[in-house]
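This report concerns only the one structure given below.
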There are 2 protein chains.
Amino acid sequence: MTEHQRQVISSALEGRAANGKMQRLLDALPDDLQGEMLGIWERATVPAGHILIEENTEAENIGFVLDGLLAMIKDLPDGRRHIIGLLTPADLFGRAFNGKSGYRIEALTETEVLTCPREPFEALLVRSPEAERLFLLNVLDELDAAREWVMVLGSGKVVQRVASLLLILCRHKVQGAIAPRAPINLNIKLKRVDIAHLLGTSPESLSRSFKQLERDGIIAINTPYDMDVLDLGELTEAAGNALLIEDFDL
Amino acid sequence: MTEHQRQVISSALEGRAANGKMQRLLDALPDDLQGEMLGIWERATVPAGHILIEENTEAENIGFVLDGLLAMIKDLPDGRRHIIGLLTPADLFGRAFNGKSGYRIEALTETEVLTCPREPFEALLVRSPEAERLFLLNVLDELDAAREWVMVLGSGKVVQRVASLLLILCRHKVQGAIAPRAPINLNIKLKRVDIAHLLGTSPESLSRSFKQLERDGIIAINTPYDMDVLDLGELTEAAGNALLIEDFDL
DNA sequence: CCATCCCGTTGACGGGCATCAATGAATCGA
DNA sequence: TCGATTCATTGATGCCCGTCAACGGGATGG
């Protein structure tokens, strides 16, 4: 491992949410492969609106989110756009081992990513069963997340979906930690339009649902991007218990 | 490999849709592991309504669908039930490597499956990188399917979702083959209620949507379980082009 | 052969929500 | 500093669709 490589990776991971996962991934590798793993990654900062992987193309890059927010987006012929899922720090994206994407990867905010060409990444996975298993576990997690979204989107009323989204954000925020009775502060990075497209609704209906949750005393809206969840129990109630896995330590 | 084992597997695969995939999986294994793989599977026939994996339990079994139809189902507290996804012949189910399920696996029709305990399956994957990669590819396919459902469920109108479902069924039917201009006959194994829960709507609305597609000359309904897709192009139109990957050879 | 059940369909009704339109607040650039 | 743009919110309107109800046909069982 060259000093340059070490520098890239360490500066990239410094003080970020993603460092734990990346570090675990590295530690699991045999020593002789660690350098190779580090060597193929390139760090990049992309502005909001930038498209990292185009729709319906053989993705040539694998990516790892360090900071910011990406989304899997599909444009519909009628001009509307649908957000299939989000990519947050510590998420992998790209199409290792399987072809075209069907959707594009777009930055919703300014984002820092690590990218590497697809071939050497695949080659490394083939060579190292440990790395491949880590990747497999990652994909399994993504599968759970996707199925959870299927659950959320299938459940009727808009308020329920909004509540479910908030629950997921809370879970993401307090992960591992014991959930306090105290309000959970959420810093939403998404615009209302994006949330709407994510939940399969319109910004107007979304706004009304937020207001309703606020009237019910379940949340407090400080700014459109800063809200507090006041009552986790009632929020779960409002969500209709639609979430697949409820692993809050209540 | 004992004669008993060989008998179980060969009779199980005989003349079934699932045999191709299982055979490929076997061929990819080193010779000395093939016997081990075959030895751990047990064949079973379960009646409709039978629950193969309970919700919120550590699944102790891995399964492989030979014939019939399974579904991933989550019950909502209000009594409604939501179908998250289907499992058709050649599909794997179970929770190798990651814990609880959050939904249950239930047979919608009488179903033949191969099952095996989880530990030896995982052990075999760990021992054989080839098997693990096959499993990984399987999971990647499932991920695509799940994201496709996210897409379908997010797209507004019920008629669009119905059309999308029909498109998926058509694709499943003609997979690989060149899609003919001639009508595609679909044999639906699902009850209307189940389709409704799958698409996040009600049986009544579903019926109306089917009728509308028939009025528009896009499909012909012979019986509720036997319909012909008359115009694949218009069906795609009606679906709003919401599908992620459109790999028909039109 | 009839009674019962299950299921799909059809009709009527009401509510939720998408759409259109307008206002207000915040940010940005000239 | 002042327009211009973007975005969130609110109101009004009409339609989609979820619900309740009833009907009919096919299957099952006595």
Tell me: [atom1] of [X] to [atom2] of [N], nearest whole Å?
| X | N | atom1 | atom2 | answer |
| --- | --- | --- | --- | --- |
| B:H82 | D:dG18 | NE2 | P | 12 Å |
| A:H197 | D:dC7 | NE2 | P | 12 Å |
| A:R192 | D:dA8 | CZ | C1' | 7 Å |
| A:I188 | D:dC7 | CD1 | P | 17 Å |
| A:L190 | D:dA8 | CG | C1' | 15 Å |

Smallest separation among heavy atoms of [X] and [Y], with atom names:
| X | Y | value |
| --- | --- | --- |
| A:C170 | A:L232 | SG-CD1, 4.1 Å |
| A:A163 | A:A238 | CB-C, 3.9 Å |
| A:I168 | A:E148 | CD1-OE1, 3.7 Å |

Separation of B:E106 CD from B:T111 OG1 (nearest 0.5 Å): 10.0 Å

Distance, nearest 0.5 Å, that separates CD1 of B:I83 from OH of B:Y103: 13.5 Å

For A:D231, all residues meeting salt bridge (Lys or Arg N to Asp or Glu O under 4.0 Å), sequence neighbours excluded: none

For B:D226, salt bridge (Lys or Arg N to Asp or Glu O under 4.0 Å) partners two or more places apart: none

Residue pairs, two or more places apart or on separate chains, that pass salt bridge (Lys or Arg N to Asp or Glu O under 4.0 Å) and touch residues 191-203 of chain A: A:R81-A:D194

Axis bend over the full length of the helix from C:dC1-D:dG30 to C:dA30-D:dT1, computed from five pairs that close each end, to 10 degrees: 30°

Working for side-chain hydrogen bond (donor to acceptor under 3.5 Å, both in side chains), residues A:D141 and B:N98: CA-CA 8 Å; A:D141 285 343; B:N98 61 344; 4.6 Å; no

The single option from A:L70, A:V65, A:L69 passing side chain to side chain contact (heavy atoms under 4.5 Å, CB included) against A:T88: A:L69

5' precedence on DNA chain D between A:E204 and B:G200 (nearest-nucleotide basis): A:E204

Within residues 205-227 of chain A: residues closer than 4.0 Å to DNA chain C (heavy atoms): A:S205, A:R208

First-last contacting nucleotides on DNA chain C - partner chain B, under 4.0 angstrom, heavy atom: C:dC7 to C:dA12

Ion pair check, B:K74 and B:E55, cut-off under 4.0 Å: yes

